Amino acid sequence: MVPHVFVIFGATGDLARRKLFPGLFRLMRSGLLPEQFRIIGSGRNSPGTDEEFRYKLAKAVFKFSGSARFDDHVWEEFAQRITFQTSSKDDGEALAAAVDAAMAELGPDTRKLLYLSVPPDSMEPMVKMLGATGLAEDARVVLEKPFGRDLESSRSLNTALHQVFAEEQLFRIDHFLGKEAVQNILALRFANGFFEPVWNRHHISYVQIDVPESIGIEGRAGFMESTGTFRDMISTHLFQLLGFLALEPPVHVDAESLRVEKRKLFQAVRALDPDRVVFGQYEGYRDEPGVAGESEVETFVAAEVWVDNWRWKGVPFLLRTGKAMEQSRRTITLGFVEPPLKMFDSANGFDSQPNELVFELTEDSTVTLELRAKRPGPALKLDHAKLHMRFSEAFADAEPLEAYERLLLDVLRDDQTLFTSAEEVERLWELCDPVLRQPPKVHSYEQGSWGPAQAMELAGERGWRVPEKS
Ligand code: BG6
């Protein structure tokens with residue numbers, strides 16, 4: 001791999017500390033970074049001397065890359081390549097000079113990778129700065145969501161981006177797509193013959209994509225107040241999960257083919273109906289430091305989504321996510337239609353719980369098919385049983401990559417397969433537009449609960465799979 005200069009904007013921020021530096025470190029440990037590289041952290045405020053910056057990073061990398069995976073020697077090698085240079089949307093000259101110097105030092109083949117981990121409203125001015133200072137030239141640039149706040153601002157951001165970059169240079173990251181378990185949806189669907197024939201409205205009667213989180217806002221009041229859970233999670237992560245679940249088989253598993261299919265799919269998704277979207281706010285949110293006393297920002301969303309194409313017509317997709325909920329889960333459930341003829345009844349133990357295929361997308365991910373089976377004994381009595389696969393057991397010798405680690409590697413490999421296109425982002429905002437224009441009333445819910453009662457009603461009689469049947 002050719003030498004690289006990585007520039008991380010927002011280098012003292014939360015994402016850089018928790019994910020980006022630990023991710024790069026782990027890649028180096030696994031021998032997946034180029035032999036020659038420099039990392040220049042950047043931001044408006046200096047974290048002190050380079051030594052002080054490295055010291056703070058050492059603690060973060062130790063904590064977030066897993067202490068068992070920390071290695072002092074690799075850290076020393078890694079840390080000596082890190083420096084910090086301040087920059088802002090109005091002032092990128094010193095940074096551009098530092099990047100040029102690092103590029104000259106590493107030789108003529110050196111490539112630039114710019115990571116923009118900056119607040120949404122700084123994105124556009126930063127892009128202009130990158131163009132004006134020449135930093136954009138021949139660079140690949142990674143952008144953090146949300147990409148704009150609505151359709152109009154996302155269009156304006158894309159226009160600003162395209163004035164400075166070609167689309168091939170842009171990597172819009174949605175880290176959910178970097179999760180092993182999410183890519184596994186594609187593998188299970190398209191590398192096996194038996195899922196696709198039943199993967200449609202004839203055999204599947206409902207889908208739930210459920211991402212409750214037990215954490216609160218964890219000091220991210222500024223972000224939450226300006227973004228809210230709908231923009232943070234629904235228009236991004238949960239729709240991307242829906243994309244992988246519902247798209248048609250692509251011609252190949254590559255960036256272009258997946259983009260073609262996702263484009264078709266999102267064209268078929270019906271714009272959200274605000275009456276079928278529930279907003280909630282956990283009790284006590286307004287007392288969090290940095291939150292407005294009268295804040296109407298949603299920390300919980302449940303939404304009903306319809307895909308109007310031949311495959312999915314009439315199948316409800318229910319999406320739910322929120323903070324301060326009872327459990328942290330990332331569960332996808334596909335519920336199957338019942339057998340056409342009821343040969344068994346309640347006397348045989350036949351109940352109303354249909355077969356479900358359940359993906360748990362946690363680090364220790366599982367796929368489970370829940371079915372009815374004969375309970376051993378003298379009578380033909382039914383009970384529920386599971387076909388279950390735990391990835392850490394099935395592939396005990398494999399080393400999973402953390403989502404950011406995987407996606408950083410893909411940027412190095414110039415592979416946009418797991419990244420989002422400009423067109424897709426705009427379409428997703430279009431789908432969300434009715435809710436942004438006419439936001440639902442915000443209902444309060446107890447911390448540690450499953451959200452407001454209205455969200456339970458949205459799911460109808462069947463309810464949400466998590467937690468009742470977990
Ligand atoms: C981030 C959101 O993109 O994803 C957070 O901004 C959320 O609000 C997080 O908590 C969840 O990611 P993960 O990888 O912990 O499931």
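Each ligand, and each atom within it, is numbered from 1 in the order the structure gives. Small disclaimer: the values here were computed from a predicted structure and weren't measured.
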Which residue owns the protein heavy atom closest to [atom], what's the atom, and how far is it?
atom                    : answer
atom 2 (C) of ligand 1  : Asp232 OD1, 3.3 Å
atom 4 (O) of ligand 1  : His175 CE1, 3.3 Å
atom 5 (C) of ligand 1  : Arg220 NH1, 3.4 Å
atom 15 (O) of ligand 1 : Arg330 NH2, 3.6 Å
atom 10 (O) of ligand 1 : Glu213 OE2, 2.6 Å
atom 1 (C) of ligand 1  : His237 NE2, 3.6 Å

*Mind jotting down which residue pairs meet the salt bridge (Lys or Arg N to Asp or Glu O under 4.0 Å) criterion with at least one end in residues 290-307? Sequence neighbours excluded, please.*
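Only Arg276-Glu304, Arg286-Glu296 qualify under salt bridge (Lys or Arg N to Asp or Glu O under 4.0 Å).
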*Taking distance alone, with no angle check, do Lys19 and ligand 1 share an N/O pair under 3.5 Å?*
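Checking ligand 1 against Lys19, no N or O pair falls under 3.5 Å apart.
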_On the six-membered ring of Phe37, is Arg81 placed so that its NZ or CZ lies under 6.0 angstrom from the centre and within 45° of the ring axis?_
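Here Arg81 passes the 6.0 Å and 45° test against Phe37.
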*asked:* When you measure from the centre of the six-membered ring of Phe176, is the NZ or CZ of Lys179 closer than 6.0 Å and no more than 45° off the axis?
replied: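 Cation-pi check for Lys179 and Phe176: passes.
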Atoms of ligand 1 less than 4.0 Å from [X] heavy atoms?
X      : value
Lys179 : 13 (P), 14 (O), 16 (O)
Phe176 : 12 (O), 16 (O)
Lys323 : 5 (C), 7 (C), 8 (O), 10 (O)
Lys145 : 2 (C), 3 (O), 6 (O)

Is a salt bridge present between [X] and [Y], judged by a nitrogen-to-oxygen distance below 4.0 Å?
X      : Y      : answer
Arg155 : Glu430 : yes
Arg111 : Asp414 : yes
Arg259 : Glu256 : no
Glu167 : Arg172 : yes
Glu402 : Lys19  : yes

